[in-house]
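Scroll down for the structure; my scribbles are underneath it.
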Amino acid sequence: MTDAPEFGELVPPDRTLMGPGPSDVHPRVLRSMATPLVGYLDDYCVEVMDDIQDGLRYLFQTDNEHTLAVSGTGSAAMETAFSNLVEPGETVLVPDNGYFGARMGEIAERAGGEVVTVSAPWGEPLDPADVEDAFAEHSPTVFGFVHGETSTGVRQTGVSELTEIAHENDALVIADTVASLGGVEFRTDEWDVDVVYSGSQKCLSAPPGASPITFNDRAMEKVHAREEPVRSWYLDLEGVWEYWGDERNYHHTGPISTLYALRESLRLVSEASLEGTWERHRRVAGALKAGVEEMGVGLKAADEHWLPTLNPVRVPEGVDDGRVIDRLLDDHGIEIVGGLGALDGEIFRVGCMGHSARPANATQFIAAFGSVLADEGADVDLEAGAGATASALRTE
Ligand SMILES: *Cc1c(COP(=O)(O)O)cnc(C)c1O
């Protein structure tokens with residue numbers, strides 16, 4: 001017999017989560033997960049699912065019927081989008097200016113797609129003119145882009161322009177809003193995006209595990225007309241919709257506690273209003289941005305592409321970014337992360353999403369970050385940084 005392992009009681013350390021996700025979970029959301037389970041087809045569960053779908057339509061700003069939560073994290077939603085929309089042999093256009101655009105390419109390839117890319121430097125959004133050129137050169141039938149690229153802290157602006165180019169070329173558009181939906185403005189219907197997906201653990205103050213996704217009628221027509229079934233059984237929308245659509249039949253067991261959590265987080269968004277939620281992110285992240293700028297460090301992102309939910313803070317000359325990250329965690333309980341790929345060693349990535357986007361976090365972060373940087377030999381003005389954050393947080 002294999003011996004029983006011994007492990008202690010679960011006591012997670014107290015953390016302030018200011019990395020690229022997960023973010024702090026709202027106490028009401030935490031409490032919702034400690035409530036009793038019901039069956040996955042219990043009338044109560046069906047009501048919870050109805051509420052989630054209504055809440056998601058508000059969050060996405062869409063009337064799309066096919067709006068649901070994928071059982072899995074943001075990557076499962078990404079895989080649901082691409083594997084349902086891409087048939088083997090189709091050309092799929094994705095960006096190469098960040099880590100998650102690259103993941104789109106990997107997933108599209110596994111779905112049998114021929115992947116082509118449109119380029120922009122890491123740290124800059126796609127230029128519509130380059131997207132137009134890529135359409136002329138490759139004639140893709142599916143185009144994916146990342147609204148908030150977490151690896152670089154860049155917001156893709158001009159979304160309507162991108163969708164217009166794609167639709168003129170009879171292609172469908174998939175948007176990744178995992179690190180932006182609920183944090184910054186996104187309008188699915190007005191901007192005419194065919195498929196949009198997100199995650200729960202970034203801007204929604206919830207734990208990972210139930211990921212919002214929405215398909216418009218144009219996208220659903222293509223899904224219904226597929227010649228080959230989706231290669232993933234679990235993520236095949238025709239099957240998943242048996243559970244989330246009117247039939248409410250068994251497809252797989254819904255992650256009940258995680259659905260409770262998502263429902264509570266959507267209730268929070270409704271109570272504060274979507275505009276109010278965007279404004280909270282902008283205000284708190286704005287205070288954080290003012291703090292690092294006045295401290296003398298600054299962001300590596302142009303103001304017009306600033307993504308309040310993920311701030312790429314420059315690593316000051318001569319400072320070891322890894323030591324700063326470790327000390328913030330060990331001495332202050334604050335989690336941030338470093339740069340990826342081309343930005344490794346150049347930026348810290350400081351998230352300001354969901355329940356982490358609140359004034360106390362900005363104040364705490366600026367004080368802790370400034371003191372660690374000063375200890376590590378950076379030339380920073382602690383008082384100017386703290387003062388700028390405090391001023392930016394004033395409401396009058
Ligand atoms: C986090 C993230 C993902 C992946 O989501 P997981 O929940 O980690 O699977 C995809 N895209 C973006 C932009 C992200 O920030």
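These numbers come from the heavy atoms of this one structure, side chains and all, not from hydrogens, waters or symmetry mates. Note that ligands are numbered from 1 as they come in the structure, with each ligand's atoms numbered from 1 the same way.
- Look at G148 and you'll find a heavy atom under 4.0 Å from some atom of ligand 1.
- Using a cutoff of 4.0 Å between basic side-chain nitrogens and carboxylate oxygens, D50 and R248 are scored as salt-bridged.
- With ring centers used as reference points, Y99 lies 6.0 Å or more from W122.
- The distance from ligand 1 to the heavy atoms of A179 drops below 4.0 Å at these ligand atoms: 15 (O).
- Taking a 4.0 Å cut-off on heavy atoms, Q201 registers as neighbouring ligand 1.
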Inset, instruction - Decide salt bridge (charged side-chain N to carboxylate O under 4.0 Å, His left out) for R314 and E346; before the verdict, give the C-alpha distance in whole Å, the side-chain angles of both, and the deciding distance to 0.1 Å. - result: CA-CA 6 Å; R314 285 179 196 278; E346 280 206 35; 5.6 Å; no
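- Closest heavy-atom approach to atom 11 (N) of ligand 1 within the set L181, V146, D176, L310: this belongs to D176.
- Within ligand 1, the atoms closer than 4.0 Å to a non-hydrogen atom of G74 are 5 (O), 6 (P), 7 (O), 9 (O), numbered from 1 in the order shown.
- Heavy-atom proximity to atom 3 (C) of ligand 1, evaluated over Y197, F100, Y99, is greatest for F100.
- No close placement of the W233 and H252 rings is indicated, their centers lying 6.0 Å or farther apart.
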Inset, instruction - Could you please spell out the steps behind the side-chain hydrogen bond (donor to acceptor under 3.5 Å, both in side chains) verdict for T163 and D192? - result: CA-CA 6 Å; T163 56; D192 205 13; 5.3 Å; no
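- Using cut-offs of 30° and 60° on the angle between ring planes, the pair W241 and H66 is tilted.
- With atom 9 (O) of ligand 1 as the reference point, the heavy atom nearest to it among P208, S75, A77, G98 is part of S75.
- Near K202, meaning under 4.0 Å from any of its heavy atoms, are these atoms of ligand 1: 1 (C), 2 (C), 3 (C), 14 (C), 15 (O).
- Ring geometry, Y243 versus Y40: the interplanar angle exceeds 60°, so the pair is classed perpendicular (tilted spans 30 to 60°).
- Note on ligand 1: E149 sits outside its first shell, no heavy atom being nearer than 4.0 Å.
- Near T150, meaning under 4.0 Å from one of its heavy atoms, ligand 1 places the atoms 12 (C), 13 (C), 14 (C), 15 (O).
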